[in-house]
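Here's the structure we're looking at; comments come further down.
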Amino acid sequence: MTTKIIMDTDPGIDDAAALTMAINDPNIDLKLVTAVAGNVTVDKTTANALKIIHFFGKSDQIPVAAGAEQPLIKPFEDAARIHGESGMPGYDFGDDYGEPIKKTAVEALHDAIMAEDEITLVPTGSYTNIALLFSEYPEVKSHIKQIVAMGGSLSGGNMTSSAEFNVFTDPDAAKIMYNAGIPIVTVGLDITLKALLTADTIEKLGQMNEAGKMLHGLITHYNDGSNAGRPMHDVNTIFYLLHPDKIKTKEMWVDVQTDGPAIGALVGDIRGAYHDGKTNAKVCVDIDADYFNKWFLDEVSKIKM
Ligand code: RIB
Ligand code: CA
């Protein structure tokens, strides 16, 4: 039984790796990719999503729709210092990688979700498209099984000491998503900074098939982490879907700080003391990092190029 998903993404090097896993794993059925401004501007994130899908020969099967150019309220701030000006440096994808569909991301999300009894949303950029979707088409919520979202942290941020990039980029959208009444799995820095891709794993990628060589090219131009290890933040969402037994989670109510110096911080009711026992998220709090590295290499080695 495959898991039907939609990825809303801002490629981005780790997004490209997450798309690679989602496109090629037989247990995942990737129905649609929507792009959002984040790591780089939305014209570039859209083009980068198209490049990855074209690289794997899936341009006729997996549509890409362009989404929000700006966060809902907060001024846009990219992460080109981490992902390069293009968002995906280090590999030549050529210039013939197709076009996005004419629908906007919100329209494409609405149509793709309403076509399924239940589907999983996997946002790996800011949540602007998701918030706009819920505001414009609230009826989609009953068709969404869960949201497995890369973003946030209960153990310190990477933009400020409190806030992680995806939530920091659009905290107002994150608040709408966390209050939408849909089960959320929070795939935050709490685990993505533990499951670092080791230098040995990265070196082995470069000696593999063309998919490995492509990822090696991108990851060796990635300015997150250190030579001791590179965080594949977004890949952890797909790893969760395929191996939830390798990740420890804790259910709690999660709020989002939308103003002040801690803007973009997630605030977890870790003792269940302040929301009448209600919870809105399963927060990922630990991961088997060794297994993640082995799985990453194994997944890529199975890709027939
Ligand atoms: O904080 C990490 C997140 O921000 C990842 O999704 C990365 O791609 C960037 O979007
Ligand atoms: Ca991302």
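Values in this document were obtained by computation on a predicted structure and should not be read as measured data. Counting from 1, the numbers follow the sequence of the chain as shown. Each ligand, and each atom within it, is numbered from 1 in the order the structure gives.
- Side-chain contact between I53 and Y97 is absent, with no heavy atoms from C-beta onward closer than 4.5 Å.
- For ligand 1, the 4.0 Å heavy-atom shell contains residues D10, D14, D15, N39, H83, T124, M150, N158, E164, F165, N166, H233, D234.
- For CG of D298, the number of neighbouring non-hydrogen atoms (other residues, nucleotides, ligands) closer than 6.0 Å is greater than 12.
- Relative orientation of the W295 and H243 rings is perpendicular, given thresholds of 30° and 60° on the angle between their planes.
- Within the protein, the N, O or S atoms sitting under 3.0 Å from the Ca ion (ligand 2) are D10 OD1, D15 OD1, D15 OD2, T124 O, D234 OD2.
- Salt-bridge formation is not detected for the pair R230/D224: no Lys NZ or Arg NE/NH1/NH2 atom is positioned less than 4.0 Å from an Asp or Glu carboxylate oxygen.
- Residue K248 is tested with I191, D190, D286, V283 for a side-chain contact (heavy atoms from CB on, under 4.5 Å); the sole match is D286.
- Under the 4.0 Å criterion applied to side-chain N and carboxylate O atoms, D200 and K204 are assigned as salt-bridge partners.
- A salt bridge is defined here as a Lys NZ or Arg NE, NH1 or NH2 lying under 4.0 Å from an Asp or Glu carboxylate O, and K103 with D111 meets this definition.
- For the side chain to side chain donor-acceptor pair (under 3.5 Å) with T9, the qualifying choice from T124, N39, N129 is T124, the only one to do so.
- Looking only at atom types and distance, the side chain of Y178 has a donor-acceptor partner in the side chain of T186 under 3.5 Å away.
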